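None of these values were measured; they are calculated from a predicted model.
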There are 2 protein chains.
Amino acid sequence: MESQAPSTTKDRLLDAAEELFSSRGIDATSLRAITSAAEVNLASVNYHFGSKDGLVKTVFLRRLEPLNNERLELLDALEISAAGAPIELEAILDAWVMPALRMGHSPEGKRIKRLMSGIYSEPGDTLQALLRELFSEILRRFCAAIGRALPELSGEELMWRVHFMLGAMIHTVADQPSIRALSGGLCDPSDIEGVRRRLIGFVAAGLRAPLEEKNAPPTAGEDR
Amino acid sequence: MESQAPSTTKDRLLDAAEELFSSRGIDATSLRAITSAAEVNLASVNYHFGSKDGLVKTVFLRRLEPLNNERLELLDALEISAAGAPIELEAILDAWVMPALRMGHSPEGKRIKRLMSGIYSEPGDTLQALLRELFSEILRRFCAAIGRALPELSGEELMWRVHFMLGAMIHTVADQPSIRALSGGLCDPSDIEGVRRRLIGFVAAGLRAPLEEKNAPPTAGEDR
DNA sequence: CCACAATTCAAACGAACGTTTGAATTAATA
DNA sequence: TATTAATTCAAACGTTCGTTTGAATTGTGG
């Protein structure tokens, strides 16, 4: 039985690992640093999670599973209330973005955000596979919903635009220090409502961009 | 004197390191793996670059400096031919994107792309600082040009949209395996002209998105 | 040809890593 | 309380890492 709220060895390890992974990176964080921060014995990691890889996987799963479940629930609700008709694009984007923004804003979840960006570059084979599996279904669902909202797009065009959309969203959710620095403090990434409004406005406009002719004249002064 | 083209120890090391860094990540690549691939002695790294950190920095600088110089030259040319008037938005975006796309497409530069994405999550303090310095001026220049092309945007709004833009662009240039997998082979990231047209179309539409009211009604079914 | 610097080389260094071990301790069961 | 399983603990294991060393080799200028 877990004693009360936040005190089992497993939880202490997960919390400490999440914190250190997000600030220093996974490879650069040693088990000794984690167990020191968690004030538990070094061998606990291998006892409870089998290996460092097992701990890493659990750290991600603990956050990503509830996150994606919430996204799917929101999308389900939208599809039910739409009753077969296409859903408004902004509502779909909201269902994707808001759970992440809200999670990133909660006091316990702040450290996750930098982790999420690291996902895409960390070359760990096992983690990469885990994430591909975790996101494949939810991406399929959201792509389908967006495709129904934008029926004039071909399959290829839709995929490209979703790809661009993911880039903007991931970069925004994950790399908030960067926008602070870029703007010289002018932009406030903790203003969830502002981020939501701007991000969705940008992405929705991009997704709805008019289809250009294939052989449009090259834009000025750029063909060398 | 360098003997002929691709055979000095320094160059062999840089090529091998670039290749391995991009496929396995920086931390996960040992000097022994690099020197083995380059067929040079282990101690050469410390002799020619001082340390592994010095090698890493040189690997990035060798690609990023010419890249950013080309971007700045293109922007310079645009500003000169515009003679004080605002430049067309698409032309500015072209000046940013094309050097990267072209570089990523060249046979020797293919491996750089995955590297570039890793930049933003690799937590190495020295590398982080180097990149911040490398990109600060060029970002300032491009932000200013985009701001002149979109005079109706406030400074804060502009910075946010540039941030979204960078996310889409970085994700596109860096993570091309991901778009291939996402689309099930439908999208071809090696089609530079197609990527350019779609990416710039998406980003330009996002940058030009109409300014929403601050207190717009929340989009359907999403306020919990 | 010789002296001298630049470069390469094999070998080793100490430190840090993930993991394992087996005994000590705590909790659960009856 | 006696027995057994679950957990914690200190210590060590073997490996790999980046770096250093000092001798051997190569290239250069007088």
Step through it carefully: locate the ring centre of A:H171, locate the ring centre of B:H171, and say whether they are under 6.0 Å apart.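 No, the ring of A:H171 stays outside the 6.0 Å limit from the ring of B:H171, centre to centre.
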
Working note: A:H163 + B:R198, criterion side-chain contact (heavy atoms from CB on, under 4.5 Å); need CA distance, chi angles, decisive distance, verdict. CA-CA 11 Å; A:H163 185 71; B:R198 294 189 172 98; over 6 Å; no

Between B:T9 and C:dT8, is there a side-chain N or O to OP1/OP2 distance below 4.0 Å?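 So the side-chain polar atoms of B:T9 do come within 4.0 Å of the phosphate oxygens OP1 or OP2 of C:dT8, strictly under.
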
Looking at A:H48, I'd like to know whether one of its side-chain N or O atoms comes within less than 4.0 Å of OP1 or OP2 on D:dA6.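 So the side chain of A:H48 is outside the cut-off, no N or O lying under 4.0 Å from OP1 or OP2 of D:dA6.
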
If you measure from the Lys or Arg side-chain nitrogens to the Asp or Glu carboxylate oxygens, is any gap between [X] and [Y] under 4.0 Å?
X	Y	result
A:K52	A:D27	no
B:R197	B:E193	no
A:E90	A:R196	no

Stem list for DNA chain D, please, built from Watson-Crick and G-U wobble pairs under 3.5 Å and keeping only runs of at least 3.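 DNA chain D forms these stems: C:4-30 with D:1-27.
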
Without decimals, in angstroms, what is the distance between [X] [atom1] and [N] [atom2]?
X	N	atom1	atom2	value
A:L13	D:dT7	CG	P	13 Å
B:K10	C:dT8	NZ	P	11 Å
B:F49	D:dT19	CZ	P	13 Å

Check the side chains of A:S190 and A:D188 for a donor-acceptor pair under 3.5 angstrom, ignoring hydrogens and angles.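 A pair is found: one side chain offers a donor N or O, the other an acceptor, under 3.5 Å apart.
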
Give the B/S/- string for nucleotides 14-23 of chain C, one per nucleotide from 5' to 3', where a protein heavy atom under 4.0 Å of the base yields B, of only the sugar-phosphate yields S, and otherwise -. ---BBBBB--

A:L207 vs A:L93, test: side-chain contact (heavy atoms from CB on, under 4.5 Å). Steps then yes/no. CA-CA 11 Å; A:L207 289 172; A:L93 303 181; 4.0 Å; yes

Result of checking B:I34, B:V59, B:T8, B:T58 against B:L13 for side chain to side chain contact (heavy atoms under 4.5 Å, CB included):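 For B:L13, the side chain to side chain contact (heavy atoms under 4.5 Å, CB included) test succeeds with only one of B:I34, B:V59, B:T8, B:T58, which is B:I34.
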
